[in-house]
Amino acid sequence: MLAAEEWQKYEEDYLQYGVELEPEVEPEPQKGPEKKRKKKKAASSYRVTAGGRLAILSLIAIIAFCAALFIGFQAWKSNINYHIYELTQQEKELSGDIDNLNVDLNSNNQLDKIETYAQQHLGMTYPMQEQYVYVVKLKGTSEVNSYIASLAASQRGAAIQKDITAAEAASRLLS
């Protein structure tokens, strides 16, 4: 609106309503004590009683307890996750150590290295031709039969047939 139009509206309101420039509102007739009761009820509905205050404080305390419990569980969870991470790192380190030991074992397990170690450090040599003993030549001799009998007697739980001796059973196995 323009300033002139506003001034004109102001003058019209002045002439119509007077100094207050607003229409007068007639008060509603009161019907007695009922009207006062309604006002009291409306005013009292905004008031908080002691029981209501206790309920509100209890609700706030429960919410604060739940929040603290949630934060505690989150801290516990992160602590467990950290321990899992540490154990995973240890597992990776041990797995690497195992791999390194397997490589060392495989490299030291070669027969050439074993043979050279036995010859150099333990003083072992191959047997001469006259030191070989063939088992087939000893088969059935009293020496072998007595040795087999002593083995059979020393080993408990070996199933032996009753009609043959331990020496005969051993000689059957050799043939």
Side-chain angles (χ1 to χ4, degrees), residues 1 6 21-22 25 27-28 30-128 131-135 138 144 146-162 164 166-167 169-175:
M1 253 201 235
E6 286 181 33
L21 299 177
E22 291 182 4
V25 179
E28 293 182 21
Q30 293 184 359
K31 295 183 180 177
E34 292 178 16
K35 189 70 171 177
K36 291 180 182 178
R37 285 184 197 160
K38 287 182 182 178
K39 285 184 180 180
K40 283 185 180 180
K41 284 183 181 178
S44 67
S45 66
Y46 293 110
R47 293 184 183 211
V48 179
T49 62
R53 287 182 187 144
L54 182 63
I56 291 171
L57 287 175
S58 298
L59 183 64
I60 290 171
I62 290 171
I63 291 172
F65 177 74
C66 289
L69 195 62
F70 178 75
I71 291 170
F73 278 132
Q74 289 297 324
W76 184 51
K77 177 185 163 190
S78 66
N79 190 18
I80 288 174
N81 285 338
Y82 178 72
H83 285 298
I84 289 172
Y85 172 77
E86 281 183 339
L87 290 175
T88 304
Q89 293 301 319
Q90 288 177 359
E91 186 267 336
K92 286 180 182 177
E93 184 179 322
L94 290 175
S95 177
D97 291 344
I98 289 171
D99 291 341
N100 289 339
L101 289 173
N102 281 333
V103 167
D104 289 344
L105 180 66
N106 289 334
S107 67
N108 290 331
N109 205 14
Q110 297 171 355
L111 291 178
D112 298 342
K113 290 187 178 182
I114 294 172
E115 183 179 350
T116 55
Y117 182 83
Q119 288 174 350
Q120 292 174 359
H121 297 287
L122 301 176
M124 297 177 79
T125 59
Y126 283 104
M128 302 301 233
Q131 293 175 327
Y132 286 112
V133 176
Y134 294 99
V135 177
L138 296 176
V144 171
S146 64
Y147 178 71
I148 291 173
S150 67
L151 282 178
S154 68
Q155 293 181 355
R156 305 277 184 237
I160 299 175
Q161 294 179 354
K162 293 183 179 181
I164 62 170
S171 63
R172 287 183 188 173
L173 288 174
L174 289 175
S175 58

For [X], enumerate each residue passing the side chain to side chain contact (heavy atoms under 4.5 Å, CB included) test, keeping only those at least two apart in sequence or located in another chain.
X      : answer
Leu54  : Ser58
Asn102 : Ile98
Ile62  : Cys66
Ser95  : Glu91, Asp99

For residues 100-126, which residue pairs qualify under ring pair (Phe, Tyr, Trp, His ring centres under 6.0 Å), counting only residues two or more places apart or in two chains?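 Applying ring pair (Phe, Tyr, Trp, His ring centres under 6.0 Å) to every pair that reaches into residues 100-126, excluding sequence neighbours, yields Tyr117-His121.
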From CD1 (Ile114) to CG (Leu122), nearest 0.5 Å: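 Answer rounded to 0.5 Å: 11.5 Å.
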CD-CD distance between Glu115 and Gln119, expressed to the nearest 0.5 angstrom: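 One finds 5.0 Å between CD of Glu115 and CD of Gln119.
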Check the pair Thr88, Ile84 against side-chain contact (heavy atoms from CB on, under 4.5 Å), reporting the backbone distance first and the verdict last. CA-CA 6 Å; Thr88 304; Ile84 289 172; 4.1 Å; yes
The criterion is ring pair (Phe, Tyr, Trp, His ring centres under 6.0 Å); which residues satisfy it with His83, sequence neighbours excluded?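 Residues passing ring pair (Phe, Tyr, Trp, His ring centres under 6.0 Å) with His83: none at all.
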Measure the shortest side-chain to side-chain distance between Asn81 and Lys77 over non-hydrogen atoms and say whether it is less than 4.5 angstrom.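 Heavy-atom side-chain distance check passes, below 4.5 Å.
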Nearest heavy atoms of Ser78 and Ala75, plus distance in Å: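 Minimum heavy-atom separation between Ser78 and Ala75: OG-O, 2.8 Å.
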Does atom CG of Leu111 have more than 12 heavy-atom neighbours, drawn from other residues, nucleotides or ligands, at distances under 6.0 Å?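 No, CG of Leu111 has 12 or fewer neighbouring heavy atoms, counting only those of other groups under 6.0 Å.
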